[in-house]
Amino acid sequence: MGIELRPLGVACNLACHYCYQNPQRDAGNQRMTYDLDKMKAETLRIGGPFTLFGGEPLLMRFEDLENLFAWGLESFGSSAIQTNGVLIEGRHIDLFRRYKVSVGISMDGPGELNNARWSRSLEKTRQSTALVESAIERLCREYEPPGMIVTLHKGNATADKLPLMADWMRRLHSLGVRSLRLHLLEVDHASVRDTLALSARENVQALLAFAELQSSLPGMYFDLFEEMEALLEGRDQKVGCTWRACDPYTTEAVQGIEGNGQSSNCGRTNKEGVGFIKASEAGFERYVALYRTPQAENGCQDCRFFLMCKGQCPGTSIGGDWRNRTEHCEEWKQLFGIIERRMIQAGKVPLTIQPLRFDLEQRQIEAWERGENPSISRTLAEWHEGRAGGEQTGSSHDSGGANGFHTAIPVPPKVRMSWVSESARQKWEVRLEKLQGMMEEMTVHAASVFAPGAPANRCAVRLVAEANFLQLREMAVAQGRAAALLPAQALPRGIRARSRETASGVFLAGTEESVLRAKAAWESGNLQAFQALIDLPGCCLRRAWQVDPGSVGTSHAAVDLPASIPVHTLLAPLGISVLPIEPCSFDCPWALEAAAQWLELAAARGYASESGWLRECFSWSISWSELHGVTEVKTPLFRMCFQSPSKAGSRLIRRIGTAAEVDGGARGLSFPYLPPPRQPRLVEIGVAQ
Ligand code: SF4
Ligand code: SF4
């Protein structure tokens, strides 16, 4: 885990064409202020040390730089900085020395090979490159050699440029540089692909050329090749984040801290330019999905390198959708293949050719499904221990409660949320919680109003947390109504009011007679009579019983849900739904009529605030998409993901919102975020004096 302290966010003195932070700049999500105390407090909470990061961190006031580095030395014994190097002066080197700051420089090569690291004009770019070259020499001479990060692209790694790069690396080696990390270009924009992206073959050739070069530069490590061999041997305790099943909602390897002290993820995951705060828990839906998705559909099924590669960095996923594998699949596959062959020739036995691999993969999938992410080496050690102890392979999933309430229906998916800001979280988390309580209680109120006059004297229903049943029954009794709890199977496609509760039952409320009759009909297996006693539109109820939840969503459909439909169930994973089941269609007139009555009743029964929040939720633009068995829902305030009940196909539903502006909503580059303000693609910032 590394803490990246980002006082000025993505603000930078350069305007590199390919920077992975450009979406955030394009979305207008830049901030030029910071609060040292808040950043320090968050660093201490996570547990330092930190790397000062940007954009370009040397744009900070010099006094504040010194303040942070002095604090870093005092608190953690050292710190680090990742910079483009252009602004490094003698006084900075003095700071680095005094406060034990390790320096990392991002640069793509000498002279014109560094042109993609653009500085407003070719002339200025050349000047900047010359400044960095001299800063590197000075650091080596007066302090210590920096670590280098080099991104490979058409500007520096085509066949004709590789000899120049090799000369440069030899020169760096002679200066004392020993750490050099190679990055494949991350493409976030079509123009970057057209002008800078290498083909897979060119990338592989470049990486192999550097591997060859490394053997002639004693002590210099490009990291990549050693890591890939270690992975093939199951020694992956120290490999980089891109090989470790990184969850884009929490990016464990990168603990970002913004200038306002807010937590953030690795910037490579910000494809829409929105700097989400971290989700409260990690999840590995991506990796389970990739394992099961055919390679032809952008998954990794049947790839013998999956255990090691895992579909690689989600920031490089095909089409910018983290549920797909990396777009550099071909490169990694070829390189793993080459290293695998060399290992076999050297008498080693990589995991890829051992039958054991299948068992390890299975264990890894089971661990991810439990929300754990063990290294290969740990899984391997457990496998050896299990063999020594005669243990059987098997999963430890709960088989359900003894009362049978939730044995035959799917366990609700674990929903993970990530908010666009801490203030949005603070405001809405508590509201969503209250809305869930209101959904449950409104079942009692609905029974009081509708049941007596309704045809056949019907019952109001909802899937509620078992733990809340007694309290809800008391409420029903106080209103002169009866209540009962039936197994969750009594309401197929039912929406859980408490989405995190696995133990849910169908709460029935109505007159004593209606509840008794409904209960008896259910217990005697008379489904028709039971359905007739439930106060829900018949068309929706019939469809709920006909549709197998596991079969929903096998199409490749894209649907726009117009604002003229006032309510919907796109937020049902959070328990937010007026109707307690999925309606038979988004525009079912009976379901919409029932929803309108329900909302009126809620306001009349003292839930004015909750009704207002609910109406706000329904006014948001929302994108709901399903891919490879993972659903992601995005609103202007948060995104959430979970494993879908269906396993195949892809679906996209766009709800066009009615709200002109969502208070606290994020700006972003695509629906459903607020459009960016008009501005040039890259904001130019003056160089600090
Ligand atoms: S998004 Fe990629 S680079 Fe960022 S922490 Fe995850 S794996 Fe590492
Ligand atoms: S090499 Fe390609 S198919 Fe194999 S695991 Fe990596 S990304 Fe997936």
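Just follow the structure's listing: the first ligand is 1, and inside any ligand the first atom is 1.
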- Applying a strict 4.0 Å limit to heavy atoms, is Arg325 in contact with ligand 2?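 The answer is yes: ligand 2 sits under 4.0 Å from a heavy atom of Arg325.
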- Query: Does the pair Glu56 and Thr83 meet the rule for a side-chain hydrogen bond (donor to acceptor under 3.5 Å, both in side chains), with working shown?
  - Reply: CA-CA 6 Å; Glu56 174 47 55; Thr83 165; 3.0 Å; yes
- Query: Counting only heavy atoms not in Arg178, do more than 12 sit closer than 6.0 Å to its CZ atom?
  - Reply: yes
- Please say whether more than 12 non-hydrogen atoms of neighbouring residues, nucleotides or ligands are located less than 6.0 Å from CD in Gln237.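 Yes - once you tally the heavy atoms of other residues, nucleotides and ligands closer than 6.0 Å, there are more than 12.
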- For ligand 1, which atoms have a heavy atom of Val254 less than 4.0 angstrom away?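 The atoms of ligand 1 under 4.0 Å from a heavy atom of Val254 are 5 (S).
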- Task: For Thr269, counting its heavy atoms only, list the atoms of ligand 1 lying under 4.0 Å from any of them.
- Result: 1 (S)
- Message: Working note: Thr151 + Arg117, criterion side-chain hydrogen bond (donor to acceptor under 3.5 Å, both in side chains); need CA distance, chi angles, decisive distance, verdict.
- Response: CA-CA 10 Å; Thr151 300; Arg117 301 188 65 82; 5.4 Å; no
Considering heavy atoms of the protein only, find what lies nearest to [atom] and give residue, atom and distance to 0.1 Å.
{"atom": "atom 3 (S) of ligand 1", "answer": "Arg268 CD, 3.4 Å"}
{"atom": "atom 6 (Fe) of ligand 2", "answer": "Cys309 SG, 2.3 Å"}
{"atom": "atom 2 (Fe) of ligand 1", "answer": "Cys313 SG, 2.4 Å"}
{"atom": "atom 8 (Fe) of ligand 1", "answer": "Cys241 SG, 2.3 Å"}
{"atom": "atom 7 (S) of ligand 1", "answer": "Cys246 CB, 3.4 Å"}

- ligand 2 contact on Leu290 by region, counting heavy-atom pairs under 4.0 Å: neither
- Item | Shortest reach to atom 4 (Fe) of ligand 2 by a heavy atom, considering only Cys329, Cys303, Cys300, Gly337 | Cys303
- Does a salt bridge link Glu422 with Arg425, judged by any charged N lying under 4.0 Å from a carboxylate O?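 Here Glu422 pairs with Arg425 in a salt bridge, since their nearest N and O are under 4.0 Å apart.
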- Message: Is it the case that the ring center of Trp368 lies less than 6.0 angstrom away from the ring center of Tyr291?
- Response: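 Not close enough - the centres of the two rings lie 6.0 Å or further apart.
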- Message: Taking the ring of Trp243 and the ring of Phe336, is the distance between their centroids below 6.0 Å?
- Response: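 Between Trp243 and Phe336, which both carry aromatic rings, the centre distance is below 6.0 Å.
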- Side-chain donor-acceptor pair present, Ser317, Arg325, cut-off under 3.5 Å: no
- May I ask you to check whether Cys266 brings an N, O or S atom to under 2.8 Å from atom 4 (Fe) of ligand 1?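 Checking atom 4 (Fe) of ligand 1 against Cys266, an N, O or S atom does fall under 2.8 Å.
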- Heavy-atom contacts with Thr326 under 4.0 Å: which atoms of ligand 2 show up? List them by number with element.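 Per the distance check, 7 (S).
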